[in-house]
Amino acid sequence: MAKILVTGGAGYIGAHACKALRRAGHTPVTFDNLSTGWAEAVKFGPFVQGDLMDRAAVDAAFEAHAPEAVMHFAALSQVGDSMNDPARYWRENVMGALNLMEAAVAHDCKHFVFSSTCATYGDQDGVILDEDSPQMPINAYGASKRAIEEMLANFEARFGLRHVIFRYFNVAGADPDGEVGEQHVPETHLIPLMLDAIEGKRPALTIYGTDYDTPDGTCIRDYVHVSDLVDAHVLGFDWLAAGKQSAVFCLGTGDGFSVREVVAHSASVTNRDVPHVEGPRRAGDAVRLVCGSSRAKELLGWQPERSNMSDMIADAWRWHQSPGYAR
Ligand code: UDP
């Protein structure tokens, strides 16, 4: 059983990962600056409040906890925001990861599990994507993540820091037990915004672009349940701990849903209307991002259980109706 440093462990995916690690018998040590995360979400292991841009704080966390592995979730992660403020994405995502990787090497920590993204692929005209697809990001978020993937390859060659890179498609849902969930301020993601609109917490969802070259004119994404996604991370750690080689895995289902289809599913699962209006395209959005890989299933033995649209929306809806984390 291992101690694992989880950056961003107070955030949406990181908190679910801590729960999955704890359930697998590991000790997740959360390292988080609480810029977007929630102290209340840190329920499954120790908490170190610190910033990845502060190398001394990162070193202190390694010294205090001597983790066997790192799971690196902490990052700025909004496509639109990254187009408005690209410098911040380059500075914080890349420098934060670099500090973490250098600290891992300095403290003889040899395993690094990294949250990457299908946004590293860019817009490939509807091609189904897999691990070997070329990476041609069209926004600063994707570009910063691709840069970190390249740094990881360099660090392995020079220092033997082995890695598993997960390229996520769209993560959705919440812990089926309701212990942790998705809560962002401000919220920017499709499903929670839609649930806000259903509850009247915002007037309407704006659909970003209805003139894309897709059957209903809206963007298509591949949604994966956060609980399934974090299960893959536990398997990714096992893979490295077993001495296997560095690897990249796409995490998606292979099913694409348009924005309008997600709206329709939400109306049906919640049995409520989804107030929505049509708006212009959002800068940096790819038309279609769908995963065409089964490598994670074949090599890691990953078995997604709740990554169907109904379960994802039902779990998100249950969390959405709970009090959530205190503000
Ligand atoms: N989207 C939308 N309205 C919103 C938020 C998102 O139409 O208020 C669309 C967005 O253009 C994309 C999809 O929903 O096609 C998923 O966006 P999200 O921000 O949830 O995730 P991303 O794909 O950017 O990682």
Side-chain angles (χ1 to χ4, degrees), residues 11-13 36 73 75-86 89 93 115-126 129 137-146 166-174 181-199 201-226 229 250-253 255-267 274-291 307 309 312-313 316-317 319-320:
Y12 171 42
I13 302 171
T36 57
F73 296 95
L76 299 171
S77 63
Q78 293 165 25
V79 167
D81 191 33
S82 81
M83 299 302 280
N84 287 329
D85 194 354
Y89 275 69
N93 284 357
S115 300
S116 190
T117 167
C118 61
T120 59
Y121 292 118
D123 204 352
Q124 305 199 12
D125 206 19
L129 299 161
I138 57 168
N139 50 61
Y141 167 58
S144 69
K145 290 282 187 169
R146 183 184 62 175
F166 288 114
R167 293 190 193 133
Y168 308 162
F169 285 67
N170 283 59
V171 188
E182 182 170 21
Q183 189 167 324
H184 295 114
V185 180
E187 187 50 75
T188 63
H189 291 293
L190 176 63
I191 291 175
L193 285 174
M194 200 158 35
L195 300 179
D196 273 352
I198 289 174
E199 286 196 299
K201 289 183 185 160
R202 65 183 66 235
L205 172 81
T206 302
I207 296 182
Y208 292 148
T210 53
D211 59 348
Y212 285 101
D213 185 16
T214 60
D216 67 18
T218 64
C219 288
I220 293 176
R221 296 285 181 273
D222 180 335
Y223 294 84
V224 56
H225 195 295
V226 63
L229 184 98
C250 286
L251 296 177
T253 65
D255 290 328
F257 290 85
S258 73
V259 176
R260 287 194 204 281
E261 286 173 329
V262 179
V263 169
H265 274 276
S266 296
V274 182
H276 61 277
V277 295
E278 297 182 358
R281 293 181 177 198
R282 181 176 68 175
D285 261 341
V287 179
R288 179 174 140 109
L289 291 168
V290 178
C291 176
S307 292
M309 191 50 76
M312 286 187 280
I313 293 172
W317 181 230
W319 168 258
H320 214 79

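The residues of the chain are indexed from 1 along the displayed sequence. Read the numbers this way: they start at 1 and go in the same order the structure lists the ligands and their atoms.
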Problem - Check: S82 side chain, Y141 main-chain N or O, donor-acceptor pair, under 3.5 Å - result: yes
Problem - Atom indices of ligand 1 within 4.0 angstrom of V79 heavy atoms, with elements - result: 24 (O)
Practice task
Kindly identify the option in V263, N170, V277 whose heavy atom sits closest to atom 22 (P) of ligand 1.
Solution key: N170
Fill in the blank from the handout: Closest to atom 4 (C) of ligand 1 among protein heavy atoms sits Y208 CE1, 3.3 Å
Practice task
Please work out which of R282, R281, H189, Q78 has its closest non-hydrogen atom nearest to atom 24 (O) of ligand 1.
Solution key: R282
Practice task
Do me a favour and list the nearest non-hydrogen protein atom to atom 11 (O) of ligand 1 with residue, atom name and distance?
Solution key: D285 OD2, 2.5 Å
Handout entry: Protein contact to atom 9 (C) of ligand 1 [nearest heavy atom, distance to 0.1 Å]
Key = V259 CG2, 3.8 Å
Practice task
Look up atom CG in N139 and atom NZ in K145, then write down how far apart they are to the nearest 0.5 Å.
Solution key: 12.0 Å
Problem - Donor-acceptor contact below 3.5 Å, side chain Y89 vs main chain Q78 - result: yes
Handout entry: Closest protein heavy atom to atom 20 (O) of ligand 1, given as residue, atom name and distance to 0.1 Å
Key = L190 N, 2.9 Å
Fill in the blank from the handout: So for T117 against ligand 1, with non-hydrogen atoms under 4.0 Å, the contacting part is neither
Exercise for the section: State which residue, out of L129, T253, L229, T117, fulfils the side-chain contact (heavy atoms from CB on, under 4.5 Å) condition with F169. Expected result: L129
Problem - Donor + acceptor pair across side chains of R288, Y212 (<3.5 Å) - result: no
Problem - Stepwise side chain to side chain donor-acceptor pair (under 3.5 Å) check, S115 with Y168 - result: CA-CA 7 Å; S115 300; Y168 308 162; 2.7 Å; yes
Handout entry: Over 12 foreign heavy atoms within 6.0 Å of CG, D211
Key = yes
Practice task
Around atom 15 (O) of ligand 1, find the nearest protein heavy atom and jot down its residue, atom name and distance.
Solution key: C219 CB, 3.0 Å
Practice task
Please examine the side chains of R167 and L251, heavy atoms only from C-beta on, and report whether any two atoms are closer than 4.5 Å.
Solution key: no
Problem - Donor-acceptor pair between H189 and N170 side chains, under 3.5 angstrom - result: no
Problem - Nearest-neighbour protein heavy atom for atom 8 (O) of ligand 1, which is reported as residue plus atom name and distance - result: L193 CD1, 3.2 Å
Problem - For atom 3 (N) of ligand 1, closest protein heavy-atom neighbour - result: T206 O, 2.7 Å
Fill in the blank from the handout: Taking only non-hydrogen atoms of T188 and a 4.0 Å limit, the atoms of ligand 1 in range are 5 (C), 19 (O)
Exercise for the section: Provide the number and element of each atom of ligand 1 under 4.0 Å from a heavy atom of I207. Expected result: 7 (O)
